[in-house]
Amino acid sequence: MMDYSKNEIRKIQEKSLEMALYFKKICEENHLMFYFCGGCCIGTIRHKGFIPWDADVDVFMPRRDYDILKRIWRRRADTERYTMEDSNEYHNDRNLFLNIRDNTTTFIRPYQTDLDISHGLILDVLPIDGCPSGKFRRTIQLMWATVYSVYRSQRIPENHGKLMTLLGKAALAVIPSSKARYRIWHFAEKRMTKYRIEDCDYVTELCAGPHYMKNRYPKKAFEKAVYREFEGHMMPIPQGYDDYLKIAFGDYMKLPPEEKRVAHHDVVICDLDNSYKKYKGNYYCVR
C-alpha cells in the first residue's frame, strides 16, 4: 500500500480524467449508458471533481451496455493507447469486472505481478443487474454471486471475516484447475444475472465483493443519467444519486476525519510517464 503526496495524487487524477473523458467519448459514440459511481459520484456532488485524496475512476454500466462494450472495444477504441482487461476461459486477470488500462503508464497491482497483461493506470467498469424482490430468489442470487466472486478472482477473500476466508480457501482447494474454475464462475454468472433490469423494481452490484453485493437500489435511480460538473467537464451520474449514495455510503456529504483523508493505493509501482512494458522482468513477470 503506497501513500502519495498531494502533487502525486493530482497527477494521477489528471491522467485518470483523461481516461474518463475518452471512455465517455466511446460510450456516447456507441449509445451506451454509464454513470460515475463510488468516490467519483461522491466527488461530483461534494467537490465538483475528484475527492481531494482520491484518484480512482469507477463507473457503473447496466449489464446490457456492459456486454455491448465488451464486444465493441477492440474494434472501435484506440487499443494502442487503451487496453480492455477482462477474464475469460483462457485468461484470468483476477478481477471481478472488466477494466480499461492506459498503456502509456504503469500501475502494477501486487496480486497481478505474475501476469503478462497491461499494467497501466486503471478505470474500473462495474455492471449493475436486476435484483429480484423475493427473499428466496435474492438469497440464491447472492449465493451464485459469491461463487462467481471466488472462482473468477481466484483469490481468497480478505477483510470479509474468518468464515468467508475459510470458505474461499476450501472452494479454491477443491477445484485447483483454472479451466474448471472458469466453467464454474461462467455458470454462476449466468445464474446471478438472469433477472433483467426492466423486469425488476431494484438493481444491485453483484461484482463488487461481499459488502456491496448485498445492497439493492431503486431501479428508478438508474433509469437514466444526469450530467453534473466534474473537474470542469459535464459527466454522468445516476439520476437518483442521492438514493444510491445514501444506501451505499450513508451520509456521503460528511467529510471523514482528518486522519483518514489520505491517498492509499494497493500498487507495487506507479509511473505515469513510462509504459508498464519498461518494467517487465523487474516488477512483473519476474523469472
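Index from 1, following the sequence. Only a predicted model underlies this, so the values are computations on that prediction, with no experimental measurement involved.
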Next on the checklist: Under the rule for ring pair (Phe, Tyr, Trp, His ring centres under 6.0 Å), what residues qualify as partners of Trp73, not counting sequence neighbours?
Outcome noted: none
Checklist entry - Is a side-chain N or O of Asp65 found less than 3.5 angstrom from the main chain of Met61, in a donor-acceptor match? => result no
Checklist outcome for this item: When every non-hydrogen atom of Leu96 is compared with those of Gly209, the smallest separation belongs to CD1-N, 3.9 Å
Item to check | Between Asp271 and Tyr276, a side-chain donor and acceptor under 3.5 Å | outcome: no
Item to check | Any donor-acceptor pair under 3.5 Å from Arg109 side chain to Asp266 backbone | outcome: yes
Checklist outcome for this item: Those residues at least two apart in sequence (or on a different chain) that pass side-chain hydrogen bond (donor to acceptor under 3.5 Å, both in side chains) with Asp116 are Lys280
Checklist entry - Taking atom OH of Tyr283 as the centre, does the number of heavy atoms from other residues, nucleotides or ligands within less than 6.0 Å exceed 12? => result no
Checklist entry - Are side-chain heavy atoms of His119 and Ser275 found at a separation under 4.5 Å? => result no
Item to check | Asp86 side chain reached by Asp93 side chain, heavy atoms, under 4.5 Å | outcome: no
Next on the checklist: For Phe50 versus Ser16, what's the shortest heavy-atom pair and its separation?
Outcome noted: CZ-CB, 4.0 Å
Checklist entry - To the nearest 0.5 Å, what is the distance between OG1 (Thr146) and CE (Met192)? => result 9.5 Å
Checklist entry - Donor-acceptor pair, Glu205 side chain versus Ile128 backbone, under 3.5 Å? => result no
Item to check | Expected output: side-chain Tyr35 to main-chain Val59 donor-acceptor under 3.5 Å | outcome: no
Next on the checklist: Rounded at 0.5 Å granularity, tell me how far CG in Leu245 sits from CG in Asp251.
Outcome noted: 11.0 Å
Next on the checklist: With heavy-atom distances below 4.5 Å as the criterion, would you say the side chains of Cys27 and Met33 are in contact?
Outcome noted: no
Item to check | Counterpart residues, ring pair (Phe, Tyr, Trp, His ring centres under 6.0 Å), relative to His91 (two or more places apart) | outcome: none
Next on the checklist: Looking at Lys179, is its backbone amide N or carbonyl O close enough to the side chain of Glu89 to form a donor-acceptor pair, meaning the two atoms are under 3.5 Å apart?
Outcome noted: no
Checklist entry - Which heavy atom of Thr113 sits nearest a heavy atom of Pro110, and at what distance? => result OG1-O, 3.5 Å
Checklist entry - Can the ring centroids of Tyr284 and Tyr279 be said to lie less than 6.0 angstrom from one another? => result no
Checklist entry - Got a sec, which residues hit side chain to side chain contact (heavy atoms under 4.5 Å, CB included) with Lys214, two or more places apart in sequence or on another chain? => result none
Checklist entry - Considering only heavy atoms from C-beta outward, does the side chain of Met235 approach that of Lys24 to under 4.5 Å? => result yes
Next on the checklist: For the NZ atom of Lys15 and the SG atom of Cys270, what is their distance to the nearest 0.5 Å?
Outcome noted: 10.5 Å
Item to check | Presence of salt bridge, Lys194 and Glu189, under 4.0 angstrom | outcome: no
Checklist entry - Backbone N or O of Arg94 within a donor-acceptor pair of the Gln112 side chain at under 3.5 Å? => result no
Checklist outcome for this item: Tightest non-hydrogen contact, residues Cys41 and Pro238, listed as SG-CD, 4.1 Å
Item to check | Polar side-chain atom of Lys11 near backbone of Leu272 as donor-acceptor pair, under 3.5 Å | outcome: no
Next on the checklist: Tell me whether Gln13 contacts the main-chain N or O of Glu231 through its side chain, where contact means a donor paired with an acceptor under 3.5 Å.
Outcome noted: no
Checklist outcome for this item: Test ring-ring contact (aromatic ring centres under 6.0 Å, His included), reference Phe60, set Tyr244, Tyr241, Phe97, Phe34, output is Tyr244
Checklist entry - Going from NZ on Lys70 to CG on Asn88, what distance comes out if it is rounded to the nearest 0.5 angstrom? => result 9.5 Å
Checklist outcome for this item: Nearest heavy-atom contact between Tyr66 and Leu98 is OH-N, 3.0 Å
Checklist entry - Between CG of Leu121 and CG of Asp102, what distance do you get to the nearest 0.5 Å? => result 6.5 Å
Checklist entry - Between the main-chain N or O of Tyr252 and the side-chain N or O of Arg46, is there a donor-acceptor pair closer than 3.5 Å? => result yes
Taking distance alone, no hydrogens or angles, what donor-acceptor pairs closer than 3.5 Å link side-chain atoms of residues 255-263 to residues at least two apart or in another chain?
{"unit_1": "Glu258", "atom_1": "OE1", "unit_2": "Arg261", "atom_2": "NH1", "d": "3.4"}
{"unit_1": "Arg261", "atom_1": "NE", "unit_2": "Pro256", "atom_2": "O", "d": "2.8"}
{"unit_1": "Arg261", "atom_1": "NH2", "unit_2": "Pro256", "atom_2": "O", "d": "3.1"}

Checklist entry - Residues two or more places apart in sequence or in another chain: which of them pass side-chain hydrogen bond (donor to acceptor under 3.5 Å, both in side chains) with Ser118? => result Asn103
Item to check | Candidate pair Arg64 and Glu198, rule salt bridge (charged side-chain N to carboxylate O under 4.0 Å, His left out), full reasoning | outcome: CA-CA 11 Å; Arg64 172 189 169 277; Glu198 51 265 44; over 6 Å; no
Checklist entry - Can you name the residues that form a side-chain hydrogen bond (donor to acceptor under 3.5 Å, both in side chains) with Tyr151, not counting sequence neighbours? => result none
Item to check | Side-chain donor-acceptor contact under 3.5 Å, Ser5 with Asn7 | outcome: no
Checklist outcome for this item: Taken in chain and number order and not counting sequence neighbours, the residues that satisfy ring pair (Phe, Tyr, Trp, His ring centres under 6.0 Å) with Phe36 are Phe230
Item to check | Greater than 12 external heavy atoms within 6.0 Å of Glu80's CD | outcome: no
Checklist entry - Any side-chain heavy-atom pair from Lys48 and Thr44 closer than 4.5 angstrom? => result no
Item to check | Full working for salt bridge (charged side-chain N to carboxylate O under 4.0 Å, His left out) between Lys246 and Asp242 | outcome: CA-CA 6 Å; Lys246 282 179 178 175; Asp242 187 59; 3.1 Å; yes
Distance-only donor-acceptor hits, side chain of residues 180-187, under 3.5 Å, sequence neighbours excluded:
{"unit_1": "Arg181", "atom_1": "NE", "unit_2": "Ile175", "atom_2": "O", "d": "2.6"}
{"unit_1": "Arg181", "atom_1": "NH1", "unit_2": "Gln154", "atom_2": "OE1", "d": "2.9"}
{"unit_1": "Arg181", "atom_1": "NH2", "unit_2": "Leu172", "atom_2": "O", "d": "2.9"}
{"unit_1": "Arg181", "atom_1": "NH2", "unit_2": "Ile175", "atom_2": "O", "d": "3.3"}

Checklist entry - Taking atom types as modelled and ignoring hydrogens, do the side chains of Asn92 and Arg152 form a donor-acceptor contact shorter than 3.5 angstrom? => result no
Next on the checklist: To the nearest 0.5 Å, what is the distance between CD1 on Ile122 and OG1 on Thr83?
Outcome noted: 12.0 Å
Item to check | Pairs flagged by salt bridge (Lys or Arg N to Asp or Glu O under 4.0 Å) wherever residues 123-134 is involved - sequence neighbours left out | outcome: Arg63-Asp129
Checklist entry - Between Phe107 and Arg101, which heavy-atom pair has the shortest distance, and what is it? => result O-NH1, 3.5 Å
Item to check | Sub-4.5 Å side-chain heavy-atom contact between Val57 and Met19 | outcome: no
Checklist entry - Between Thr204 (side chain) and Leu206 (backbone), is there a donor-acceptor pair under 3.5 Å? => result no
Checklist entry - Can you list the residues that meet the side-chain hydrogen bond (donor to acceptor under 3.5 Å, both in side chains) rule with Tyr111, with sequence neighbours excluded? => result Asn95
Next on the checklist: I want to check something: taking the side chain as every heavy atom from C-beta on, are Cys131 and Cys200 in contact at a cut-off of under 4.5 Å?
Outcome noted: no
Next on the checklist: Is the shortest side-chain heavy-atom distance between Cys37 and Ile237 below 4.5 Å?
Outcome noted: no
Item to check | Side-chain donor-acceptor contact under 3.5 Å, Asn215 with Tyr217 | outcome: yes
Next on the checklist: Under the rule for ring pair (Phe, Tyr, Trp, His ring centres under 6.0 Å), what residues qualify as partners of Tyr202, not counting sequence neighbours?
Outcome noted: none
